[in-house]
Amino acid sequence: QAPVLDGPFQLPPPPYPLDALEPHMSRATLEYHWGKHHRAYTEALNKQVAGSELEGSSLEEVVAATWNKGKPTPAFNNAA
C-alpha cells in the first residue's frame with residue numbers, strides 16, 4: 001500500500017506486487033528501494049517546492065523548470 005505523503009506529490013505503488021520479481025529481486029529489496037529510497041526523493045521534492053514559485057506546478061513542469069538549461073537544481077534530482 002502506498003503511503004500518503006504531506007505535499008502535492010505522492011508515491012504511487014509499483015504496478016505489480018512487491019514479490020513479483022522474486023527470485024531475482026526479493027520483496028524486502030523492493031520494499032526498501034521503493035518504500036524508503038523513492039519515498040525519500042518524493043518527500044524531499046515536496047519540501048523543495050513548498051512555498052516556492054514551483055508550488056502548484058505539475059511534476060512535468062517541475063522537471064522542466066529545474067532542468068535549468070542543463071544546470072539541474074537539487075529539485076531536479078528528486079523530481080526526475
Side-chain angles (χ1 to χ4, degrees):
Q1 184 173 0
V4 176
L5 304 179
D6 184 26
F9 301 110
Q10 297 297 309
L11 181 63
Y16 43 79
L18 293 176
D19 60 357
L21 302 177
E22 290 182 343
H24 306 288
M25 183 181 289
S26 71
R27 177 185 185 96
T29 298
L30 191 55
E31 284 174 340
Y32 181 82
H33 186 77
W34 170 78
K36 295 189 182 198
H37 184 73
H38 284 270
R39 180 180 179 152
Y41 279 116
T42 306
E43 289 174 335
L45 178 62
N46 281 327
K47 289 176 185 174
Q48 288 168 323
V49 300
S52 77
E53 68 277 356
L54 296 171
E55 190 169 34
S57 298
S58 70
L59 184 60
E60 292 81 4
E61 291 168 334
V62 172
V63 168
T66 59
W67 172 242
N68 196 31
K69 299 179 183 173
K71 296 181 192 275
T73 68
F76 178 82
N77 184 53
N78 293 318

Within-4.5 Å side-chain heavy-atom neighbours: Leu11 and Tyr41: no
Is Gln10 reaching over with its side chain to a backbone N or O of Val4, donor-acceptor style, under 3.5 angstrom? no
CG-NE2 distance between Leu18 and His33, expressed to the nearest 0.5 angstrom: 12.0 Å
Within a strict 4.5 Å, meaning less than it, do heavy atoms of the Leu45 and Leu59 side chains meet? yes
Scan for side-chain hydrogen bond (donor to acceptor under 3.5 Å, both in side chains) pairs involving residues 14-25, sequence neighbours excluded, and state none if there are none. none
Applying side chain to side chain contact (heavy atoms under 4.5 Å, CB included), can you list everything that pairs with Glu55, at least two apart in sequence or on another chain? none
How many angstroms lie between CZ in Phe9 and CG in Asn46, if you round to the nearest 0.5 Å? 6.5 Å
State, yes or no, whether a side-chain contact exists between Pro72 and Thr66 at a heavy-atom distance under 4.5 Å. no
Pairs flagged by salt bridge (charged side-chain N to carboxylate O under 4.0 Å, His left out) wherever residues 71-80 is involved - sequence neighbours left out: none
Pairs flagged by salt bridge (charged side-chain N to carboxylate O under 4.0 Å, His left out) wherever residues 4-17 is involved - sequence neighbours left out: none
Would a single hydrophobic cluster contain both Leu5 and Trp34, if residues Ile, Leu, Val, Met, Phe, Trp and Tyr are joined by side-chain heavy-atom contacts under 4.5 Å? yes
Heavy-atom closest pair, residues Pro8 and Val49: CG-CG2, 4.4 Å
Locate the shortest heavy-atom distance separating Gln48 from Ala75; write the atom from each residue and the value. OE1-CA, 3.2 Å
Return each pair, listed once, that meets salt bridge (charged side-chain N to carboxylate O under 4.0 Å, His left out) where at least one residue sits in residues 26-53; pairs must be two or more places apart or across chains. Arg27-Glu31, Arg39-Glu43
Test side-chain hydrogen bond (donor to acceptor under 3.5 Å, both in side chains) applied to Ser52 - qualifying residues, sequence neighbours left out: none
